[in-house]
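Here's the structure we're looking at; comments come further down.
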Amino acid sequence: MKRTIGAIAVCLCIAPTAAVAALPPAPIPAASPSPAVAEFADPAMAFKAAPGFLKIYVPPHDPANFEQPTVVAGFVKNPGKDDQLLLTISMQNWDGFNLDGFEGTNENEMRGQVQSLFVSRKERAQLANGMPAYWMVILVGSGFSSQKWYEYVWLDGMRAVTVAIKSRLGAVSEKDARDDLAGLTAVAYPRNRQ
């Protein structure tokens, strides 16, 4: 079962998330041998996954230095089933807070990388603690391989961060995806942190 989780997670992570500009994210390794707390925290963000999500092991990474877009955390719900959800947290270097500039650049680059990608909706939003973000609903693929991605994208002054739920089309509603991401907060990155 753990190998199945890992294989499915790798397949879903090969496609880029909204924070991926030039390169697809690194594949997520297999699930950890023992259940880990389904949360992630670093100097500028915190996330606690909704009940039912299992944490996938991702090697630790320097939170302030990304040579390319990188998956820093992953979670899976209903592994191996038709309604499986993969939740990823991806980061890349991006200096400043021009969210509109990043979102536009990123969206254009995603369209150049992923066939049959359609951003069905994007809107200004806020995370639970008020951090400005974009909420995006993205359709990828066609036919039986169609996926729907729900993503929050924001900038913390040093990085562009994307938290995405990816699933088979119809496996999760937008309301449920928002509920699954309700435990997400972020602040400006503390640049002078030692």
Minimum-distance pair of heavy atoms, taken over all atoms of Leu85 and Ser167: CD2-CB, 3.4 Å
Phe66: ring pair (Phe, Tyr, Trp, His ring centres under 6.0 Å) partners, not counting sequence neighbours: His61
Residue pairs fulfilling salt bridge (Lys or Arg N to Asp or Glu O under 4.0 Å) with at least one residue in residues 41-50, sequence neighbours excluded: Asp42-Arg159
Close side-chain approach of Phe47 and Glu39, heavy atoms under 4.5 Å: no
Smallest separation among heavy atoms of Val153 and Leu99, with atom names: O-CD1, 3.9 Å
Any donor-acceptor pair under 3.5 Å from Asn129 side chain to Ala186 backbone: yes
Atom pair CG/CG of Leu181 and Leu87 - distance to nearest 0.5 Å: 5.5 Å
Closest contact, heavy atoms only, Trp94 versus Leu155: CD1-CD2, 3.4 Å
Ring center gap for Trp135 and Tyr152 short of 6.0 angstrom: yes
Within 6.0 Å of CD in Glu123, more than 12 heavy atoms from elsewhere: yes
N-O pairing of Arg124 and Asp100 below 4.0 Å: yes
Expected output: side-chain Arg121 to main-chain Val137 donor-acceptor under 3.5 Å: no
